[in-house]
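Counting from 1, the numbers follow the sequence of the chain as shown.
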Amino acid sequence: MLLLAASGVLQAQTLQTLVHQPPDGLGISFLLTDGTVITQGNAGSDWEKLTPDKFGSYVNGTWKMIASLPAGYVPDAFASAVLADGRVIIEGGEYNNGSFAFTNLGAIYDPVKDTWAKQKPPNGWGFIGDSPSAVLPNGHFLLGSKFDRRIAELDPATLTWTDYNSTGKFDRNAEEGWTLMPDGSVLTYDVTKAPHSERYIPSKQKWVSAGSTIVDLHSPTTVQGCIPYGKHGCYYPPGEVGPGILRPDGTVFATGSGSNGGNGPGHTSIYDPKTGKWTPGPDFPNNDNAGDSFAILLPNGDVLVLGSSAVYDFDGTHLTPDKVGAVVPILMLPSGQALVAGNGVQVYNPKGTYQQSWAPVITTFPKSVTRGTTYKISGQQFNGLSQAAAFGDEDETATNYPLVRITNKASHHVVYAKTHDHSSMGVATGTTTVFTNFDVPKGTDTGASTLVVVANGIPSKPVNITVN
């Protein structure tokens, strides 16, 4: 691990190594709605689950193996999401079983049954690969075809795909990342036609221009010519861009791959939806860049983004090397910490804190609950202000959904009640009333307790309940 000692490096962040390490390494990970984390193991088809300890500590949590993917599906670099019902979907894969494939296989994980089930691709999609995707506010899973402008939407209730129009799309979807906006649109900055950007309006099934990013965020591919796939396919890679993150102030921080033919520093640009304009941000220090890399939104509003040699912190103005070095930011935990990969699997303790106006607000809740029973809870901003995670064009691990944490006042034991069937999967929903349902675990300590709703690591103010 490279530890940076340059002036200006932030000093408050710390790392803690997990007491128990995953049995087969840490890959792409998802925060489930019961507070556990599942991760793809090094073998590719195997998956592991991290459960926090009885006090809610992920550092002291334990791992166990869970169900493996269906036979023949061993993907790398795929489209993915946690759905509103609590299941996880993965679609496609640039690689399958270690071979360059652009596979159209897919699977859905049911955490209640601990099973992976095959998921058919959209009709006529012979290849998917590392395609962009996003969960829309209505809970449907939007998927882009890597090789052209096609899009399709999966209804999780029926597991059926519907092809939608992509009128106005300026270029193919290849290597693009999609950022969900507060108005329900999806923002992308083009790769094939950089520096152009555009937004998809689901209600109109059309793309509209979002203007020029001013600076070029893509770097040319190092692969020249045709990459064959299938029997007759020929893919010409357009290059790469970095991840884009919606911040609490409503702007999108977009990061770039290497400039000057890939040899210069990655540029950044900031999109303001209020004005519809882009403003160039700071270049990556040390000639670094974030092409096809990880980024997460911290509770303090900063973006933690991985470069080639270090991880960087963007505070809205400055892009600064973080003192922890080259850890890989995987996702935000409901504890307010980030799960990272560095010297083993660790948690990252960020500096500062959130503004209370960013937190979920509980307005209606059951004051008395019974173990093993399902309840409805309502309020505002249950989905947080951002998807809070991005990785260029694939490996989407957004955490914009509510978790419910119950803490017993006497024992201080913590449980996460599985949430499901959220009323919205949007971001920054403001004063609109939203709700979710939660299942009180059968092993929850009885008696006086507090309950909070957590989104992207930020908790609501606690309310008092009694667990029976």
Side-chain angles (χ1 to χ4, degrees), residues 14 16 18-20 31-37 49-64 86 111-112 298-300 331-339 347-350 352-384 399 401-423 433-468:
T14 60
Q16 292 175 274
L18 269 60
V19 173
H20 305 289
L31 175 66
L32 300 187
T33 62
D34 63 357
T36 61
V37 174
K49 182 167 74 172
L50 171 64
T51 301
D53 75 1
K54 61 184 179 181
F55 296 106
S57 169
Y58 289 89
V59 172
N60 296 318
T62 54
W63 294 87
K64 74 171 186 177
V112 176
L298 300 174
N300 62 11
L331 53 76
M332 279 306 305
L333 298 169
S335 59
Q337 303 163 304
L339 185 70
V347 295
Y348 170 98
N349 300 299
T353 188
Y354 54 90
Q355 296 181 24
Q356 192 59 50
S357 61
W358 302 347
V361 176
I362 299 172
T363 56
T364 305
F365 65 96
K367 295 183 179 180
S368 179
V369 300
T370 301
R371 297 188 298 188
T373 307
T374 300
Y375 297 90
K376 180 179 177 180
I377 187 169
S378 303
Q380 300 163 355
Q381 294 189 164
F382 278 13
N383 299 76
T399 55
Y401 39 85
L403 274 67
V404 167
R405 183 170 64 223
I406 299 172
T407 305
N408 185 273
K409 291 185 177 181
S411 67
H412 304 293
H413 290 171
V414 171
V415 297
Y416 286 92
K418 181 182 184 297
T419 58
H420 52 89
D421 304 315
H422 325 306
S423 63
T433 297
V434 294
F435 67 84
T436 189
N437 301 281
F438 67 96
D439 304 332
V440 181
K442 293 180 180 180
T444 306
D445 286 2
T446 57
S449 304
T450 60
L451 180 151
V452 296
V453 171
V454 187
N456 298 334
I458 299 178
S460 68
K461 290 182 178 180
V463 295
N464 294 315
I465 65 168
T466 300
V467 179
N468 303 294

Distance check, rounded to the nearest 0.5 Å: [X] atom [atom1] versus [Y] atom [atom2]?
{"X": "Leu333", "Y": "Leu50", "atom1": "CG", "atom2": "CG", "value": "7.5 Å"}
{"X": "Leu298", "Y": "Thr353", "atom1": "CG", "atom2": "OG1", "value": "11.5 Å"}
{"X": "Ile362", "Y": "Gln380", "atom1": "CD1", "atom2": "CD", "value": "11.5 Å"}
{"X": "Arg371", "Y": "Thr373", "atom1": "CZ", "atom2": "OG1", "value": "10.5 Å"}
{"X": "Phe438", "Y": "His420", "atom1": "CZ", "atom2": "NE2", "value": "9.5 Å"}
{"X": "His412", "Y": "Asp445", "atom1": "NE2", "atom2": "CG", "value": "11.0 Å"}

(request) Could you go through the side chain to side chain contact (heavy atoms under 4.5 Å, CB included) check for Val452 and Thr450 one step at a time? (result) CA-CA 7 Å; Val452 296; Thr450 60; 5.6 Å; no
(request) Take Asn437 and Lys376 through the test side chain to side chain contact (heavy atoms under 4.5 Å, CB included) and record every step on the way to the result. (result) CA-CA 4 Å; Asn437 301 281; Lys376 180 179 177 180; 3.8 Å; yes
Is there a donor-acceptor pair under 3.5 Å between the side chain of [X] and the backbone N or O of [Y]?
{"X": "Ser57", "Y": "Asn60", "answer": "yes"}
{"X": "Asn468", "Y": "Val369", "answer": "yes"}
{"X": "Ser423", "Y": "Phe435", "answer": "yes"}
{"X": "Ser449", "Y": "Gly447", "answer": "yes"}
{"X": "Arg405", "Y": "Pro334", "answer": "yes"}

Taking the side chain as every heavy atom from C-beta outward, state whether [X] and [Y] have any pair of such atoms under 4.5 Å apart.
{"X": "Met332", "Y": "Pro299", "result": "yes"}
{"X": "Val440", "Y": "Tyr375", "result": "yes"}
{"X": "Leu31", "Y": "Leu403", "result": "yes"}
{"X": "Val347", "Y": "Leu18", "result": "yes"}
{"X": "Phe382", "Y": "Ser460", "result": "no"}
{"X": "Lys64", "Y": "Thr51", "result": "no"}
{"X": "Tyr58", "Y": "Leu339", "result": "no"}
{"X": "Lys409", "Y": "Asn464", "result": "yes"}

Which atom of [X] lies closest to which atom of [Y], heavy atoms considered:
{"X": "Val434", "Y": "Gln381", "value": "CG2-N, 4.2 Å"}
{"X": "Thr446", "Y": "Asn408", "value": "O-ND2, 3.0 Å"}
{"X": "Thr433", "Y": "Ser378", "value": "CG2-CB, 4.3 Å"}
{"X": "Pro111", "Y": "Leu32", "value": "CB-CD1, 3.9 Å"}
{"X": "Pro402", "Y": "Asn383", "value": "CD-ND2, 4.2 Å"}
{"X": "Lys461", "Y": "Gln356", "value": "CG-NE2, 3.7 Å"}

(request) Would you mind telling me which of Ile406, Val415, Leu451 makes a side-chain contact (heavy atoms from CB on, under 4.5 Å) with Val467? (result) Ile406
(message) So that I know where these two stand, are His413 and Phe55 an aromatic pair - ring centroids less than 6.0 Å apart?
(response) yes
(message) Assess the residue pair Thr62 and Asp53 against the criterion (side chain to side chain contact (heavy atoms under 4.5 Å, CB included)); give the C-alpha distance rounded to whole Å, side-chain angles, the decisive distance to 0.1 Å, and a yes or no.
(response) CA-CA 7 Å; Thr62 54; Asp53 75 1; over 6 Å; no
